[in-house]
Number of protein chains: 2
Amino acid sequence: MAVTQQDVARRAGVSQRTVSNVVNGLATVGDDARERVIEAIRQLGYRPSLAARGLRSGRSGVLQLVVPELDVPYFAELARRVVSVAEDRGYAVLVRQTLGDRDRERDALEGAAADYAEGTILSAVNPVADLLTGRESSSPVVLIGESTGLGLIDHIGIDDTAAAFAATDHLIRSGRRRVAFIGTHPDASLRMATLRLAGYRDALVEAGLSLDPRLIVQIGSYHREDGATAMSSLLDLADPPDAVFAATDLLALGALHRAHERGVRVPQDVAVVGFDGLEEGRYSVPTLTTIEPDTGEVARLSVETLLDRIRARESSGPAAPVADLAVPFDLVIRGSSPDPD
Amino acid sequence: MAVTQQDVARRAGVSQRTVSNVVNGLATVGDDARERVIEAIRQLGYRPSLAARGLRSGRSGVLQLVVPELDVPYFAELARRVVSVAEDRGYAVLVRQTLGDRDRERDALEGAAADYAEGTILSAVNPVADLLTGRESSSPVVLIGESTGLGLIDHIGIDDTAAAFAATDHLIRSGRRRVAFIGTHPDASLRMATLRLAGYRDALVEAGLSLDPRLIVQIGSYHREDGATAMSSLLDLADPPDAVFAATDLLALGALHRAHERGVRVPQDVAVVGFDGLEEGRYSVPTLTTIEPDTGEVARLSVETLLDRIRARESSGPAAPVADLAVPFDLVIRGSSPDPD
DNA sequence: TTGTATGCGTTATCAA
DNA sequence: TTGATAACGCATACAA
């Protein structure tokens, strides 16, 4: 069925070894032999078998990217960049979607695909420390965003607390006094939410503002709808907030939507700040102030770190220390929370 | 390094063949042998090699999904669903991103990965008829959205013209008389744009309205920014439109944004309708009327059709006729173009 | 029911 | 420079 190097060799009157050399541009092959091989390849329509190459070399040329939901813009942007960077480095990307399901996360980390891929970039919603510690599969994993906080695995992210502080501080400096936070999660071990909440708290404390627990809203998931629901509950308060910091842009956009529905003006009645730097926030009405992480850098560093691990494993060199890289972020001020003037 | 079935066999005191049988739950294996094998697998931490299995069986268990940009919401939603459906069918998904680049599209179709994957689901922006006709790789391809119009390959999509007609007709029925179209493309062979433009035209003609070429705006790409730019040019007209039908939701959302920036009220001054049924349009201000295709069905049919082809190829049965499936769509009326009352 | 032997298409070792 | 030849890990035809 498929044309093999053997077939090409016969046709070109050389050994299969020579064909392999030509294909991989490896050893020095005589000009005449090379030419005959190339011609034979063309005539026969030979196409290399990745399966065989992978088996032989032990390298599949595939990285695994694991995200909760591909259509959540933050993950979509991440996927875009990871796929691009991986391609630049000669790798294809196998995408797994966990839907926040723990079994799927486990399978992505432990299943056969985890071995087939040379490494995995994991962006999890659930705490994954336990999944990583007793891992059977030996292929390297780099964690994005959520950190285990245990320093047991390479991690790329941003300083969530500092960023949340910057966002909240901006609201306070622009004159807001009752600043709400949308985005705590029932599962307290969700570090992302915990860290951002901490930054929010720090900013309030530093400004000498009191912490009103009714202004801290828990959500079930991180979709627009959850932000809208949370906003409703805030607007229903006897003394509603004059500002909202949402843990993600999607929550903020949901909040924006609900405020408009209820006739509450943004930013006049309530200012809103999000987190993620989504493209969508540049076009919302009003445009959304946000914390914009350098996502390109997150993707680049993730892939690079992973490839470093893979290479180190091959050369069985000394294990590099666990990376814990914080990528820079910007506070981008837009219409939803203008600076006072 | 890696534990093989051979190792397990030695440990369990059986032949490698028996281990293989146990792993695949295939033939009837004696209870005691099975137990010993399972125990040995546990002790040694045996993990099957997908590379070897793939080489031997000729089936990689991988499908390839090719899209222009993973972070364009329409493709992100598509990817989400395709990955989910594929997983249900026991397949992993290798994602390729073409960025609209023809060379990347070609590589996705012709490169080694095209052979490694058992089949490809392609959502292209460029016309791909030529890429598909003289194809070297023999793995099946299913086309999504854009059709070659030649009936030479399985295609899943919606009736673009009928949908565009419905959208435009809705605007006309709600009393609009100067309806603009955003989304023609310099590359006239981009069928999606052509078909939607045709539906727009048909609706105007049927309503006895004149076609004003100045109301048909060409764009460079399909991002929010392009929609905003197009909207600007429309609003700059001496006699601007009272309604806009955009070929995609992203364009419509950009248009919405620009209208708001310019102080033009939607829907009072100008109504806006999009196309794609994005989640984002449920939360925009105002919410966006749109053509909502059954994306879940698109994904499901794509994967099913592809798997059918793969199976047919294996059993070398009679080739099924080329599928050209149109998935249903809904016109979802929201705030950007309310029905008159 | 289980074992033996072979080959999937490559790469790579060893000679020549 | 090139040719035999041996793995890579697994699935399966054929035997037992």
Side-chain angles (χ1 to χ4, degrees), chain A residues 1-38 40-41 44-62 112-118 137-139 314, chain B residues 1-38 40-41 44-62 112-118 137-139 314:
Chain A
M1 167 72 180
V3 179
T4 75
Q5 291 187 347
Q6 193 60 253
D7 302 327
V8 174
R10 247 191 304 276
R11 186 77 137 98
V14 299
S15 85
Q16 186 245 348
R17 156 73 193 270
T18 302
V19 176
S20 174
N21 283 343
V22 170
V23 169
N24 297 293
L26 271 194
T28 52
V29 178
D31 285 348
D32 49 340
R34 153 166 289 116
E35 203 134 331
R36 289 211 308 284
V37 168
I38 291 179
I41 286 179
L44 273 48
Y46 163 78
R47 332 197 74 234
S49 156
L50 285 192
R53 182 173 296 176
L55 174 60
R56 178 62 231 208
S57 68
R59 315 194 322 97
S60 60
V62 167
D115 285 327
Y116 175 70
E118 294 183 40
S137 173
S138 62
S139 66
E314 280 170 358
Chain B
M1 169 75 182
V3 178
T4 75
Q5 291 189 347
Q6 193 60 253
D7 301 327
V8 174
R10 247 191 304 276
R11 184 78 140 101
V14 300
S15 81
Q16 181 247 330
R17 156 72 193 266
T18 302
V19 177
S20 174
N21 283 343
V22 171
V23 169
N24 296 296
L26 271 194
T28 49
V29 177
D31 284 349
D32 48 341
R34 154 166 287 117
E35 203 134 331
R36 289 212 307 286
V37 167
I38 291 179
I41 286 179
L44 272 47
Y46 164 77
R47 333 199 74 236
S49 156
L50 285 192
R53 183 175 296 176
L55 175 59
R56 177 63 231 217
S57 68
R59 316 195 322 98
S60 60
V62 167
D115 285 327
Y116 176 69
E118 294 183 42
S137 172
S138 62
S139 67
E314 280 171 358

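No experiment lies behind these values; they were computed from the predicted model shown. By convention in this document, chain letters (A, B, ...) are assigned in the order of the sequence lines, proteins followed by strands, and residues within each chain are numbered from 1.
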*In Å, rounded to the nearest 0.5 Å, how long is the span from CD of B:Gln6 to OG of B:Ser20?*
11.5 Å
*Nearest 0.5 Å please: distance from the CG atom of B:Asp115 over to the OG atom of B:Ser60.*
10.0 Å
*Bend angle of the helix from C:dT1-D:dA16 to C:dA16-D:dT1 from five-pair axes at both ends, rounded to 10°?*
40°
*Using a 4.0 Å heavy-atom cut-off across all strands, classify B:Val23 as base, sugar-phosphate, or nothing.*
nothing
*What does A:Ala51 touch in the nucleic acid at a heavy-atom separation under 4.0 angstrom: a base, only the sugar-phosphate, or nothing?*
nothing
*For the pair made of CZ in A:Arg59 and C1' in C:dA12, what is the distance, rounded to whole Å?*
15 Å
*So how far is it from B:Thr18 OG1 to B:Gln5 CD, rounded to the nearest 0.5 Å?*
10.5 Å
*Check the distance between C:dT1's P and B:Arg36's CZ and give it to me in whole angstrom.*
15 Å
*Quick one: pull up CG in A:Asp7 and CD in A:Gln16 and give me the separation to the nearest 0.5 Å.*
10.0 Å
*asked:* How many whole angstroms separate atom CG of B:Asn21 from atom C1' of D:dC10?
replied: 12 Å
_Nucleotide-resolved protein contact map, nucleotides 5-10 of chain C, B/S/- at heavy-atom distance under 4.0 Å_ = --BBBB
*For B:Arg56, which residues count as a salt bridge (Lys or Arg N to Asp or Glu O under 4.0 Å) partner, sequence neighbours excluded?*
none
_Atom pair CG (A:Leu44) and CZ (A:Arg10), whose distance is rounded to the nearest 0.5 Å_ = 9.5 Å
*asked:* What's the separation between atom CZ in A:Arg11 and atom CZ in A:Arg36, rounded to the nearest 0.5 Å?
replied: 12.5 Å
*With a 4.5 Å limit on heavy-atom distance, are the side chains of A:Asn21 and A:Val37 in contact?*
no
